[in-house]
Amino acid sequence: MTRLGLLTCLSLAYWASGASAAPAASCTFTDAASAKAGKGSCSTITLSNIKVPAGQTLDLTGLKDGTRVVFSGTTTFGYTPWEGPLISISGNKIDISGASGSLIDGGGGQWWDGKGSNGGKTKPKFFFAHGLSNSNIRSLNVKNTPVQAFSINGCTNLNVDHVTIDNSAGDVGEQGHNTDAFDVGSSNGVFITNANVRNQDDCLAVNSGTNILFSGGYCSGGHGLSIGSVGGRSDNTVDGVRIENSQVVNSENAVRIKTVSGATGLVNNVTYANIQMSGISKYGIDIQQDYLNGGPTGTPTNGVKVTNVNINGITGSVSSGATRVYLLCGSGSCSKWKWSGVSLTGGQKSTKCTNVPSPATC
Ligand SMILES: *[C@@H]1O[C@H](CO)[C@@H](O)[C@H](O)[C@H]1NC(C)=O
């Protein structure tokens with residue numbers, strides 16, 4: 001048996017019998033450097049109570065096909081202001097899971113200053129799922145990400161199931177900010193099911209991509225289930241998103257599509273079905289074409305088309321100061337919408353809706 005850092009080869013097996021078969025080791029690592037150095041020779045990588053040093057990424061990029069990654073015990077990260085990511089994993093047919101009782105603790109409180117990614121300390125992004133294909137991320141238990149949690153980019157057929165992200169500690173004194181749970185871009189086939197999120201920004205934000213599903217989710221404390229903002233990036237097409245059977249509570253918005261003021265692009269074939277909301281402080285349903293990070297302009301533009309939107313079965317209540325439905329479309333840019341089963345109580349009716357395509361109503 002060979003030893004490589006703290007790599008322990010617990011068992012050696014073979015993928016298949018035959019002279020050309022590659023050895024398939026089951027490896028347990030207790031430090032990040034050994035995991036990075038040894039990742040290429042393991043079929044199963046167990047990450048056991050790893051303390052990732054400050055300023056370093058737990059780097060499991062370029063894994064060989066079929067690798068399984070198991071987070072075991074508690075994974076923690078040292079503190080320094082930097083951009084991250086704290087964790088990065090890529091490859092084909094990768095299965096990433098959390099063992100029973102495991103926790104990935106982002107230690108966000110060390111960075112939180114109420115400014116998120118808009119200023120203050122430089123905060124590391126949490127998890128890059130960039131370039132994962134035919135892969136699973138499942139049963140991860142995450143808390144306290146410094147800023148955005150999962151960045152899903154350049155992925156094909158990625159299942160994200162039963163991932164819990166609890167950033168509720170960041171609500172105290174409004175210290176946690178821009179803690180998006182799932183940011184999806186330039187991917188084809190991302191299926192996020194049974195997510196449980198407590199955060200301070202979008203629960204889901206789809207900036208671009210095709211064939212995206214979010215189903216069976218619970219979102220609390222953030223900005224809701226968002227498409228966008230779309231426009232002004234290198235990829236400005238969102239085509240084929242289904243967001244269904246989910247609950248949004250104590251959040252700014254529930255259902256949201258935001259396109260960037262003056263930009264071009266396409267939002268097509270988006271369904272929101274069976275979404276329940278309560279405690280919404282801004283908008284129950286918000287589709288706005290005037291978005292800018294510094295603040296919406298109030299004047300919609302029509303360079304991003306928003307077509308084949310199906311809003312079906314959106315129920316619940318918004319808070320007294322909130323607006324139930326806000327639809328701010330550019331001239332001619334919103335078309336072919338379906339709208340049924342929208343039943344919201346509380347708050348106010350908007351007086352500012354613009355270019356609303358039938359049969360939608362504010
Ligand atoms: C619309 O998007 C869904 C995925 O959300 C996809 O299954 C369906 O085929 C798309 N419809 C069209 C007409 O492209």
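Whatever order the structure lists ligands and atoms in, that order sets their numbers, starting from 1. FYI, side chains are in, hydrogens and waters are out, and symmetry mates aren't considered; it's all heavy atoms of this structure. Remember, predicted model here, so these are calculated numbers, not experimental data.
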**OP:** Could you list the atoms of ligand 1 found under 4.0 angstrom from a heavy atom of Arg242?
**Re:** 5 (O)
**OP:** Would you tell me whether Asp166 and Ser168 have side-chain atoms, one donor and one acceptor, within less than 3.5 Å of each other?
**Re:** yes
Original post:
Within a reach of under 6.0 Å around NZ of Lys258, are more than 12 heavy atoms found that belong to other residues, nucleotides or ligands?
Top reply: yes
Subject >> Pick from Val241, Asn269, Leu213, Thr210: the one approaching atom 14 (O) of ligand 1 most closely through a non-hydrogen atom >> reply: Asn269
**OP:** Distance to 0.1 Å, residue and atom name: give those for the protein heavy atom nearest to atom 4 (C) of ligand 1.
**Re:** Asn211 OD1, 3.8 Å
**OP:** Measure from atom 11 (N) of ligand 1 to the protein's non-hydrogen atoms and state whether any distance is below 4.0 Å.
**Re:** yes
Original post:
Does Arg198 come within less than 4.0 Å of Asp171, counting only side-chain N to carboxylate O?
Top reply: no
**OP:** Say whether Ser133 and Asn92, considering side chains only, have a donor N or O and an acceptor N or O under 3.5 Å apart.
**Re:** yes
